[in-house]
Number of protein chains: 2
Amino acid sequence: MTDTAPSRNRRPLTLRDVSEASGVSEMTVSRVLRNRGDVSQTTRERVLEAAKDLGYVPNKIAGALASQRVNLVAVIIPSLSNMVFPEVMTGINEVLDETPLQPVVGVTNYKPEREEKVLYEMLSWRPSGVIIAGLEHSDASKAMLKAAGIPVVEIMDTDGQAIDACVGISHRRAGRKMANAILKAGYRNIGFLGTKMPLDHRARKRFEGFTEALAKEGIEIVDREFYEGGSALAKGREMTEAMLKRTPEIDFLYYSNDMIGAGGLLYCLDQGISVPGQIGLAGFNGVELLDGLPRQLATMDACRAEIGRAAARIIAERSAEDGAIGGGERIELTPKIQPGDTLRRR
Amino acid sequence: MTDTAPSRNRRPLTLRDVSEASGVSEMTVSRVLRNRGDVSQTTRERVLEAAKDLGYVPNKIAGALASQRVNLVAVIIPSLSNMVFPEVMTGINEVLDETPLQPVVGVTNYKPEREEKVLYEMLSWRPSGVIIAGLEHSDASKAMLKAAGIPVVEIMDTDGQAIDACVGISHRRAGRKMANAILKAGYRNIGFLGTKMPLDHRARKRFEGFTEALAKEGIEIVDREFYEGGSALAKGREMTEAMLKRTPEIDFLYYSNDMIGAGGLLYCLDQGISVPGQIGLAGFNGVELLDGLPRQLATMDACRAEIGRAAARIIAERSAEDGAIGGGERIELTPKIQPGDTLRRR
DNA sequence: CTGAAAGCGCTAACAC
DNA sequence: GTGTTAGCGCTTTCAG
């Protein structure tokens with residue numbers, strides 16, 4: 001803090017510093033640093049060396065203001081601790097890495113008011129595009145997205161009205177598909193276990209599609225249970241135990257995600273319940289994380305990485321064609337059932 | 001795309017638009033929107049209404065350039081799919097939510113050259129501070145961090161020389177501690193299972209501390225195995241099987257993370273191996289995710305959330321006192337052993 | 001191939 | 001309380 005204090009509050013270097021150090025005009029320095037326009041080999045080298053010597057880092061704020069171009073893509077998702085969104089991010093990164101675009105993520109914790117705030121904050125940096133999870137947003141959020149004048153891709157879900165482009169799966173259809181597979185396998189006394197989150201619209205839609213398809217065959221869920229908080233694995237265990245004790249005639253358990261499903265599976269194995277003979281089980285998501293359990297849980301791949309890739313591609317393409325908006329692309333992917341070892345085969 | 005095409009390439013609204021719409025000077029509009037300085041109640045309302053009507057979103061780029069202030073904190077981490085970094089993020093968010101600061105995350109995938117690129121990219125937005133995982137960085141990265149003139153907090157690890165501030169645990173000490181606990185429990189034929197990643201310095205340091213403490217008691221690891229890629233749970237199973245077949249005298253398996261440890265645990269239970277009697281097991285990280293397994297794996301809490309909180313606090317404090325740099329705070333947290341059910345008690 | 005001038009949209013620092 | 005004047009550090013545009 002005294003004699004050897006690190007240079008504090010040092011003025012950051014500017015183009016002008018590089019210009020003076022290299023004896024080349026600011027403009028030419030700028031051209032060299034951006035690889036724009038023709039610059040002679042000699043000046044180029046001189047500039048590069050000066051910049052490196054000084055440790056110059058360009059100021060993107062100024063650059064963005066001057067060029068009216070910001071190579072940022074806002075990515076707005078509900079959660080990171082979910083295992084599903086990191087995979088979406090991977091897909092997004094994969095595509096954006098090939099472009100000048102950079103993702104910036106914001107997390108909403110499934111709260112509309114947080115989404116609104118995060119969105120406002122991100123839009124105020126004037127990104128080149130927005131990738132946002134879900135089709136349900138507050139009116140204010142929708143208004144902002146429409147007014148932003150940049151490409152908007154809503155991801156994960158296709159059941160509803162998109163603002164602009166949209167990439168995802170139909171969760172309603174996914175629920176129906178699983179219901180039909182379960183019925184076809186001969187199960188009839190079905191219990192449902194899910195999260196309490198009323199704002200997880202995709203889980204809700206899966207549930208709706210599920211019950212709807214059962215209803216079509218004149219079947220109703222015999223029991224249901226919802227949880228919140230805590231370790232999903234442990235919760236899956238507890239809920240399964242509670243439900244099986246309460247409703248012993250159950251022969252199938254449908255879980256709204258793989259983690260609680262895995263908990264249930266472990267419980268059943270512990271109890272010596274025969275799976276999938278006595279009881280069948282299924283989850284949702286296809287999380288690779290769980291490969292390695294004693295049995296492979298039946299599940300459905302949510303196409304996470306592909307959703308990320310497709311969304312990023314849309315932004316990248318439109319951004320290349322000068323930020324055209326309103327393309328309205330709609331990509332519905334088709335999740336496949338992975339029967340694993342917990343869904344009886346007929 | 002034709003008649004009802006959404007307004008494309010609309011010029012974004014500026015302060016001037018709000019100024020004109022409300023009949024108040026740009027400066028006053030700016031004051032209202034930032035809650036700065038005294039503005040009469042009437043004009044304030046008039047401005048707010050105009051801004052809302054128009055759907056004005058301030059341009060932070062221009063604001064940041066003019067004020068030389070950017071309320072962004074760069075957070076640079078190796079991975080998101082790890083379960084450990086999301087928890088660090090949670091801690092960071094918790095603290096920054098109370099401040100005007102906003103985290104922006106960059107992911108390096110454990111690659112120094114990517115770290116360099118991500119860092120450069122982020123620094124070029126002139127953030128108020130940097131939180132970066134690890135103490136090992138390329139020379140260029142170190143130079144950038146030193147030259148940036150902003151608070152830098154290196155997190156997760158304290159074994160080494162920090163650039164500025166530092167918050168974490170000593171992984172070497174953590175490794176030693178676990179080794180001593182294992183020896184004290186009476187195990188002598190110890191195998192190690194870890195990741196192949198040579199760039200995961202923290203795993204490496206744990207391993208070093210571990211073998212060092214064993215050596216002090218004249219003991220050497222009897223076998224070791226490293227993996228890469230794939231589902232950690234499945235890999236843990238496979239590696240464990242391979243090692244136990246190869247080296248049947250083993251009585252303890254130390255895993256470099258909880259996921260492979262859990263795989264090993266499941267394998268042992270499958271095989272009817274008595275845990276922790278016949279074989280003891282331990283992992284590292286204390287991932288809550290795994291609560292709910294048939295047995296609780298012995299592990300060590302890495303203090304992830306607290307690390308995030310402490311790091312964010314340092315940035316927030318220094319940022320409040322005008323971005324002072326070189327504070328050099330050093331916070332070493334002490335991870336505790338959670339013996340769970342897989343470490344014999346004496 | 002290189003340079004000079006004029007902003008980008010906002011805010012700091014003053015006047016009034 | 002409110003308005004005016006200069007920039008912030010870069011890039012665009014146009015002239016050489």
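Scope of the values below: all heavy atoms of this structure, side chains included, with no hydrogens, waters or symmetry mates. Keep in mind that this is a model prediction, so the values were computed, not measured. Letters A, B, ... are given to chains in the order of the sequence lines, protein chains preceding strands, and every chain is numbered from 1.
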Which residues within residues 50-73 of chain A lie with some heavy atom under 4.0 Å of an atom in DNA chain C?
-> A:Leu65, A:Ala66, A:Gln68
Neighbours of DNA chain C within residues 20-42 of chain B, by heavy-atom distance under 4.0 Å | B:Met27, B:Ser30, B:Arg34
In the 5' to 3' direction, the nucleotides of DNA chain D bounding the stretch that comes under 4.0 Å of a heavy atom in chain B are D:dG1 to D:dG9
Output all residues satisfying side-chain contact (heavy atoms from CB on, under 4.5 Å) with [X], sequence neighbours left out; order by chain, then residue number.
{"X": "B:Ala74", "result": "B:Met122, B:Pro127, B:Val130"}
{"X": "B:Glu26", "result": "B:Leu15, B:Arg16, B:Ser19"}
{"X": "A:Glu116", "result": "A:Ser138, A:Ala140, A:Ser141, A:Met144"}
{"X": "B:Leu65", "result": "A:Ile61, A:Ala62, A:Leu65"}

With B:Arg31, which residues qualify under salt bridge (charged side-chain N to carboxylate O under 4.0 Å, His left out), at least two apart?
-> none
Using the heavy-atom set of chain B and a strict 4.0 Å cut-off, write down the first and last nucleotide of DNA chain C that makes it in, 5' to 3'.
-> C:dG9 to C:dA13
With sequence neighbours left out, which residue pairs that include part of residues 148-162 of chain A fulfil the salt bridge (Lys or Arg N to Asp or Glu O under 4.0 Å) condition?
-> A:Asp157-A:Lys205
Let me know which of B:Ile331, B:Ile155, B:Ile131, B:Val95 forms a side-chain contact (heavy atoms from CB on, under 4.5 Å) with B:Ile314.
-> B:Ile331
Heavy atoms, side chains only, cut-off 4.5 Å: are B:Val88 and B:Ile77 in contact?
-> no
One thing to verify: whether [Y] and [X] come together as a salt bridge, which I'm taking to mean a side-chain N less than 4.0 angstrom from a carboxylate O.
{"X": "A:Lys117", "Y": "B:Asp97", "answer": "no"}
{"X": "B:Lys52", "Y": "B:Glu49", "answer": "no"}
{"X": "A:Arg313", "Y": "A:Glu94", "answer": "no"}

Partner residues of A:Gln41 under the side-chain hydrogen bond (donor to acceptor under 3.5 Å, both in side chains) criterion, sequence neighbours left out = A:Glu45
Between the CE atom in A:Met197 and the CG atom in A:Asn109, the distance rounded to the nearest 0.5 Å is 10.0 Å
Dump the intermediate steps for side chain to side chain contact (heavy atoms under 4.5 Å, CB included) on B:Val84 and B:Met156, then the final yes or no.
-> CA-CA 10 Å; B:Val84 3; B:Met156 312 306 289; 3.9 Å; yes
Assess whether atom CD of B:Glu20 is packed by more than 12 heavy atoms of other residues, nucleotides or ligands within 6.0 Å.
-> yes
Through what angle, rounded to 10 degrees, does the axis of the helix from C:dC1-D:dG16 to C:dC16-D:dG1 turn between its ends, using five pairs per end?
-> 30°
